[in-house]
Amino acid sequence: QVQLVESGGGSVQAGGSLRLSCTTSGRTLRSVTMGWFRQAPDKEREFVARISWSGARTYYADFVKGRFTISRDNAKNTVYLQMNSLKPEDTAVYSCAASYDPYAVDPARYDYWGQGTQVTVSS
């Protein structure tokens, strides 16, 4: 009844940019924190960024600070991840997720997940 669908992934060269989108549908989720995670083959899922319901509070993993920006448009039920200065090590499947914990970093604290979108960065 709750669906999260990511889009905007693709292949870019190192130093390039992509903007990912995550749109929710079905049962409306209100007052949720939205997060982005990524997972490369043979690696653990890792936290990338989160944003509060109002958009006033954001938090980023150290490896993306200064390069990625998370934002949301609640009227469109959409959260975005603007990724600049991409590096080959950013290559992964990126997933969005929703949590009722405004401080959530652990994937276990997120209740709803999208299927993910592939981001590939070549050197």
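This structure is a prediction, so every number in the text was calculated from the model and none was measured. Atoms considered below: every heavy atom in the structure, side chains included; atoms not considered: hydrogens, waters and symmetry mates.
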Note to self: Between Tyr112 and Met34, is there shared hydrophobic-cluster membership here, with clusters defined by ILVMFWY side-chain heavy atoms closer than 4.5 Å?
What the structure shows: yes

Check: Of all heavy-atom pairs between Tyr60 and Ala49, which one has the smallest distance, and what is that distance?
Finding: CD2-CB, 3.6 Å

Notebook entry, point to check: Is a donor on one side and an acceptor on the other found under 3.5 Å between the side chain of Tyr110 and the backbone of Ala104?
Noted result: yes

Notebook entry, point to check: Under a 4.5 Å side-chain heavy-atom rule over Ile, Leu, Val, Met, Phe, Trp and Tyr, are Met83 and Val121 clustered together?
Noted result: yes

Notebook entry, point to check: Where is the tightest heavy-atom contact between Pro88 and Ser122, given as atom of each residue plus distance?
Noted result: CG-C, 4.5 Å

Item checked: Qualifying residue, where the test is side chain to side chain contact (heavy atoms under 4.5 Å, CB included) with Val119 and the options are Val12, Leu18, Thr91 -> Leu18

Note to self: Is it the case that the side chains of Thr23 and Asn77 hold a donor-acceptor pair, with the cut-off being a distance below 3.5 Å and no angle test?
What the structure shows: no

Notebook entry, point to check: With hydrophobic residues grouped by side-chain heavy-atom distances under 4.5 Å, do Val5 and Val2 end up in a single group?
Noted result: no

Item checked: Minimum heavy-atom distance between Ala92 and Gln118, given as atom pair plus value -> O-NE2, 3.4 Å

Notebook entry, point to check: Is there a donor-acceptor contact under 3.5 Å from the side chain of Glu6 to the main chain of Gln115?
Noted result: yes

Next item on the list: Determine yes or no for a side-chain-to-main-chain donor-acceptor pair under 3.5 angstrom, with Arg30 supplying the side chain and Trp53 the backbone.
Entry: no

Note to self: Could you tell me if the side chain of Ser95 sits less than 4.5 Å from the side chain of Val93, heavy atoms only?
What the structure shows: yes

Checklist line | From CA spacing to verdict: side chain to side chain contact (heavy atoms under 4.5 Å, CB included), Leu29, Arg27 | finding: CA-CA 6 Å; Leu29 297 177; Arg27 182 170 60 86; 4.2 Å; yes

Note to self: Applying side chain to side chain donor-acceptor pair (under 3.5 Å) as the test, list every pair that has at least one member in residues 98-109; sequence neighbours left out.
What the structure shows: Asp101-Arg109

Checklist line | SB check Asp62 Lys65 (cutoff 4.0 Å) | finding: yes

